[in-house]
Amino acid sequence: MALQSWQDGPTRSAIIEFVARVSREVDPVERVAVFDNDGTLWCEKPMYIQLDFIVRRLADKVAADPSLAEGQPYLAAHNGDLQWFGGAITKHYQGDDTDLKTLAAAVLSLHDSVKVEDHAAAVGTFFAEAMHPTLHRRYLECTYAPMVELLRYLADHEFACYIVSGGGRDFMRPVTSQIYGIPPERVVGSAQGLKFVGADGYGDLLLQPALDIWDDGPEKPVRIWNR
């Protein structure tokens with residue numbers, strides 16, 4: 001039975017009817033479905049998964065250089081003060097970006113001149129080891145089963161499914177194939193700048209301490225069209 005995790009009701013029926021109609025009337029190359037990620041495909045409570053990754057990295061920097069704990073966001077990371085991080089996001093949506101700018105500057109500097117492959121490896125290690133603080137299971141297992149089922153149902157009907165998220169593109173891409181069946185090239189998100197360093201046909205892509213894309217709000221449809 002299709003969409004077994006969904007209750008048999010008007011929502012499930014509407015999805016099945018929609019997919020059936022599109023399959024009859026729309027050419028496969030035009031079947032595109034776009035999904036948010038945080039809170040839609042994987043858990044975002046009690047905090048964003050990427051925030052946990054960031055807090056751990058900030059805390060590691062404080063461990064290496066205790067003087068960093070004299071200022072934010074390193075002090076909050078060192079003390080495990082998640083309220084400060086949540087407050088920065090809340091203030092942003094209320095129009096005050098003071099704390100968010102402080103946080104962003106620190107986050108962007110975390111991976112300054114890191115190879116994209118090394119960053120992906122660090123993300124992979126995080127997902128392999130880190131546990132959700134309240135569900136006590138690996139983050140790889142903290143997806144919403146009905147939504148993953150929907151992604152696969154759409155893919156079976158020749159839809160190209162994309163993720164378009166405010167979360168980090170390079171944080172999501174290492175795991176989306178494994179947990180969603182969505183390849184990296186179909187993941188659109190916020191991103192740091194990149195720089196190629198090399199010569200004679202060899203080199204590396206390095207992350208830069210500057211924001212290239214903040215994929216949130218009205219920026220999302222722009223990025224969907226761009227992709």
Side-chain angles (χ1 to χ4, degrees), residues 1-9 11-45 47-53 116-132 135-192 194 205 213 215-216 219-227:
M1 183 178 72
L3 302 178
Q4 294 184 24
S5 299
W6 292 71
Q7 292 186 3
D8 189 12
T11 300
R12 178 176 174 276
S13 296
I15 292 171
I16 292 173
E17 291 169 6
F18 169 77
V19 172
R21 177 173 60 81
V22 170
S23 297
R24 291 192 306 268
E25 300 175 2
V26 179
D27 190 278
V29 298
E30 296 181 350
R31 298 177 199 170
V32 176
V34 176
F35 292 79
D36 184 37
N37 188 46
D38 294 299
T40 301
L41 300 180
W42 72 28
C43 296
E44 68 173 356
K45 300 294 183 180
M47 63 176 167
Y48 294 102
I49 295 176
Q50 187 171 0
L51 179 58
D52 190 5
F53 175 73
V116 291
E117 295 88 354
D118 292 342
H119 181 266
V123 171
T125 298
F126 168 80
F127 273 99
E129 299 175 353
M131 304 289 285
H132 190 282
L135 298 177
H136 307 298
R137 61 176 65 180
R138 292 189 307 158
Y139 280 123
L140 288 174
E141 300 166 345
C142 292
T143 57
Y144 294 118
M147 295 303 294
V148 175
E149 196 174 82
L150 175 58
L151 288 171
R152 291 172 181 164
Y153 179 67
L154 291 169
D156 287 344
H157 289 81
E158 299 183 273
F159 279 76
C161 294
Y162 286 74
I163 292 174
V164 180
S165 171
R169 175 196 65 198
D170 297 319
F171 180 74
M172 296 180 286
R173 281 182 171 179
V175 295
T176 56
S177 291
Q178 179 180 351
I179 60 180
Y180 302 137
I182 295 180
E185 65 269 19
R186 292 184 185 170
V187 177
V188 183
S190 298
Q192 291 183 229
L194 296 171
L205 278 174
I213 300 165
D215 192 50
D216 196 31
E219 190 66 23
K220 286 189 175 185
V222 174
R223 294 299 158 188
I224 291 170
W225 178 255
N226 178 273
R227 181 57 55 86

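What you are looking at is a predicted structure, and each value in this text was computed from that prediction instead of being measured.
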(message) Using every non-hydrogen atom in the two residues, find where Cys43 and Leu135 come nearest and quote the distance to one decimal.
(response) SG-CD1, 4.1 Å
(request) Measure up the Phe53 and Phe126 rings against each other and bin them: parallel (under 30°), tilted (30 to 60°), perpendicular (over 60°). (result) perpendicular
(message) So which atom in Met147 and which in Thr40 form the shortest heavy-atom distance, rounded to 0.1 Å?
(response) CG-O, 3.2 Å
Tabulate below the donor-acceptor pairs under 3.5 Å that side-chain atoms of residues 176-187 make, not counting sequence neighbours, or state none.
residue: Thr176; atom: OG1; partner: Ile182; partner atom: O; Å: 2.9
residue: Ser177; atom: OG; partner: Ile182; partner atom: O; Å: 3.3
residue: Tyr180; atom: OH; partner: Asn37; partner atom: OD1; Å: 2.8

(request) Provide the full list of salt bridge (charged side-chain N to carboxylate O under 4.0 Å, His left out) pairs with a residue in residues 148-168, sequence neighbours left out, each pair given once. (result) Arg31-Glu158
(message) With a 6.0 Å cut-off (strictly less than), is the heavy-atom count around CD of Glu117, excluding the residue itself, greater than 12?
(response) yes
(message) Quick one: does any side-chain atom of Ser190 pair with a main-chain N or O of Gly166 as donor and acceptor, under 3.5 Å?
(response) yes
(request) Identify the heavy atoms of Arg12 and Gln7 that sit nearest to each other, and give their distance. (result) CB-O, 3.4 Å
(request) List the steps, then state whether side-chain contact (heavy atoms from CB on, under 4.5 Å) holds for Leu154 with Val19. (result) CA-CA 7 Å; Leu154 291 169; Val19 172; 3.6 Å; yes
(request) Could you check Thr11 against Trp6 for side-chain contact (heavy atoms from CB on, under 4.5 Å), going step by step and ending with a plain yes or no? (result) CA-CA 8 Å; Thr11 300; Trp6 292 71; 3.8 Å; yes
(request) Starting at CE of Met172, measure out to CG of Asp38 and round the result to the nearest 0.5 Å. (result) 7.5 Å
(request) Mind listing the closest non-hydrogen atom pair of Leu150 and Leu3 along with its distance? (result) CA-CD2, 3.9 Å
(message) Checking ring pair (Phe, Tyr, Trp, His ring centres under 6.0 Å) between Trp42 and each of Tyr48, Phe127, Tyr144, which is the one that passes?
(response) Phe127
(request) Write down the atom of Ile213, the atom of Arg223, and the distance for their closest heavy-atom approach. (result) CG2-NE, 3.6 Å
(message) Ignoring hydrogens, what is the shortest heavy-atom contact between Tyr153 and Ala2? Give both atom names and the distance.
(response) CE1-CB, 3.6 Å
(request) Decide yes or no on side-chain contact (heavy atoms from CB on, under 4.5 Å) for Val175 and Tyr139, but give the supporting numbers first. (result) CA-CA 10 Å; Val175 295; Tyr139 280 123; over 6 Å; no
(request) Give the C-alpha distance, both sets of side-chain angles, the deciding distance and a yes or no for side-chain contact (heavy atoms from CB on, under 4.5 Å) between Leu151 and Leu41. (result) CA-CA 9 Å; Leu151 288 171; Leu41 300 180; 4.1 Å; yes
(message) Main chain of Lys45, side chain of His132: is a donor-acceptor contact present, judged purely on distance under 3.5 Å?
(response) yes
